[in-house]
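When a ligand or atom number is given, it counts from 1 through the structure's own listing order.
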Amino acid sequence: MPSTLRIAVTGAAGQIGYSLLPRIASGEMFGPDQKIRLQLLEILPALDALRGVAMELQDCAFPLLEEVVITTDPDAAFANANWCLLVGSKPRGPGMERSDLLQENGRIFVGQGASIDAHAADDCRVAVVGNPCNTNCMIAAAQGSRLGPERYTAMMRLDQNRATALLAQKAGVAVGEVSDVVVYGNHSSTMYPDAVNARIAGQSAPEVIADGDWLRGDFLETVGHRGAAIIAARGLSSAASAANALVDHVRALNTPSDTIHGLAVCSSGEYGIPQGVWAGMPVRTTAPGAFTVVSDIKHDGFALNALEKTGTELAHERELVGDFL
Ligand code: NAX
């Protein structure tokens, strides 16, 4: 590791940014000995708010935080960055279709992808949170060739954490007893959270829960619509849990282990997901920042049907943003 890691965060004045930045600066994401330089990107209307966030970061007096740069210039934000956390994007406005959102945000990721390829560090990793995160990640990765597609991942970890916590609650066990939960496909209502291959206290989850109707019904519904339920209750979308999921995503990707975790990665056609789209897949971290896709998990007909549906949606999104690729 370099002596100081440069971490670029976009949309840094937004609500996820507000929960995320103190957790990076305190050492939760990269460890208690790793010095950090934050390079924060915003658009001009949010620059004053970002100044306030930077003041608060200063007032936390984090020992690991060496410097905070705030800017509206992507090239400055991504300069020599070791990690680029792409959180910023436009929210879906009233009457906006998903296809409009893909176009609006796709443009942002064209510019940022090109800037990352030109200016980030050679060892840079990119994690995309801004929605539609899978397709935005594909667009960013398509803008360059220096880093390679395996450096670009999108976040499925919030869905994974939601599914894990729900299984633990249903089984009446601690969250730490639940493992091998992976959410496949798109971070959208077509996602497939796989409980069949999950483990609870070392046993197969369906053996412990033994309620197939719930596993194929309420479980999938609740995980798939959890974001909407939080908006309905809070009047705002998930922020603290999204920031927490990004901490988990990056830590898992930096920590070699036999443990299976989920990331949206460039598909090579595993599990019938079309090649070249970014889909949630089971992975193992093999070296800091590097992973292999676990491609031998068995799925039943119900799961294969769900995988086909979410893969088809991702391929359709790719068609809609064809001009950006
Ligand atoms: P906010 O609207 O609070 O913040 C977004 C920030 O991005 C704003 O401050 C805005 O000024 C900034 N921004 C917009 N365009 C920008 C650009 N071109 N360059 C830099 N900054 C730009 O949203 P927040 O709640 O923080 O959510 C951020 C994104 O995360 C949204 O797209 C949201 O949909 C997505 N999410 C993704 C999740 C996932 O699991 N992948 C879960 C949580 C969240 O919904």
**Prompt:** Hey, would you say the F291 and H261 ring centroids sit under 6.0 Å apart?
**Reply:** no
**Asked** Do any N or O atoms from the side chain of R157 and from the backbone of Q160 form a donor-acceptor pair under 3.5 angstrom?
**Response** no
**Request:** Say whether V181 and V293 are linked into one hydrophobic cluster, either directly or through other cluster members, by side-chain heavy-atom distances under 4.5 angstrom.
**Result:** yes
Without placing hydrogens or testing angles, list every side-chain donor-acceptor pair under 3.5 Å for residues 301-311, not counting sequence neighbours.
from : atom 1 : to   : atom 2 : distance (Å)
T310 : OG1    : N186 : N      : 2.9
T310 : OG1    : T190 : O      : 3.4
T310 : OG1    : T190 : OG1    : 2.8

**Prompt:** Counting distance only, does the side-chain N/O of Y18 pair as donor-acceptor with the main-chain N or O of A239 below 3.5 Å?
**Reply:** no
Pairs under 3.5 Å, N/O atoms on ligand 1 and on the protein: can you put them in a table with the distances?
from     : atom 1 : to   : atom 2 : distance (Å)
ligand 1 : 3 (O)  : Q15  : N      : 2.9
ligand 1 : 9 (O)  : G14  : N      : 3.4
ligand 1 : 9 (O)  : E42  : OE2    : 2.6
ligand 1 : 11 (O) : E42  : OE1    : 2.7
ligand 1 : 19 (N) : Q112 : NE2    : 3.3
ligand 1 : 21 (N) : G11  : N      : 3.3
ligand 1 : 25 (O) : Q15  : NE2    : 3.1
ligand 1 : 26 (O) : Q15  : N      : 3.3
ligand 1 : 26 (O) : I16  : N      : 2.9
ligand 1 : 32 (O) : S89  : OG     : 2.5
ligand 1 : 32 (O) : N131 : N      : 2.9
ligand 1 : 34 (O) : N131 : ND2    : 2.8
ligand 1 : 36 (N) : N131 : ND2    : 3.4
ligand 1 : 40 (O) : H187 : NE2    : 3.3
ligand 1 : 41 (N) : V129 : O      : 3.3

**Prompt:** Same cluster or not: are F62 and V53 linked, directly or through other Ile, Leu, Val, Met, Phe, Trp or Tyr residues, by side-chain heavy atoms under 4.5 angstrom apart?
**Reply:** yes
